[in-house]
Amino acid sequence: SQELEQSPQSLIVQEGKNLTINCTSSKTLYGLYWYKQKYGEGLIFLMMLQKGGEEKSHEKITAKLDEKKQQSSLHITASQPSHAGIYLCGAGSSGGSNYKLTFGKGTLLTVNP
Amino acid sequence: KAGVTQTPRYLIKTRGQQVTLSCSPISGHRSVSWYQQTPGQGLQFLFEYFSETQRNKGNFPGRFSGRQFSNSRSEMNVSTLELGDSALYLCASRRGVTEKLFFGSGTQLSVL
């Protein structure tokens, strides 16, 4: 089964600093999702990447997909306390169907004011 | 448009009991998935229903079951609860199988 490894597991940054979270898949990626979660709550959709080389941005968050490396990165520019939370990457189980989304264990981000 | 609604929000049960969790998807969404989230294992897929049929199932024992009704609402049942079943149970819906998931706020289950 597909496994997604996220790094780092946790991250503490000072407000205003940039940061990057990585997600590496054990198998070919057929679409990659990024979600954010506040502790004990549901997941909020951030972005979906479907093609190799694709890059998407939303406000100060940018995600990229490197199909060859089976990896995606999430970059936050000028972090703010509102960016704090758990970031999870998710990927479909097989090409085109996404019947079953597998998620990484998440990266806990703390932003100190 | 209302989001995914899960009830109850919190639940406390004792070992050996059974529990039923409910999920109402976003209007128009026919697919409902269930996930279990624990600090050690992370987010793990339980099963997915589409138009009242179970489409896919994760690696969980038969004590975990679910169903979907004609109005797309879904229920998940766990019988003979064990301490290790304590977790946040998340429900997610989507319009079609290739679209993104919309998650509910979850049901926090504590088994004592």
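Just so we're on the same page: letters track the sequence lines, and every chain starts at 1.
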Does the plane of the ring in Phe103(B) sit parallel, tilted or perpendicular to the ring in Tyr35(B)? Use 30° and 60° as the thresholds. tilted
Phe47(B), part contacting chain A, at a heavy-atom distance under 4.5 Å: neither
Would you say the side-chain atoms of Thr77(A) and Asn18(A) include a donor-acceptor pair closer than 3.5 Å? no
Pick one: which of Trp34(A), Tyr35(A), Tyr33(A), Tyr87(A) meets side chain to side chain contact (heavy atoms under 4.5 Å, CB included) with Leu43(A)? Tyr35(A)
Pairs of heavy atoms under 4.5 Å with chain A: top-ranked of Gln44(B), Lys100(B), Gln108(B): Lys100(B)
Going by atom types alone, do Glu75(B) and Ser22(B) pair a side-chain donor with an acceptor below 3.5 Å? no
Given that the side chain runs from C-beta out, which part of Gln37(B) has a heavy atom under 4.5 Å from chain A: side chain, backbone, both or neither? side chain
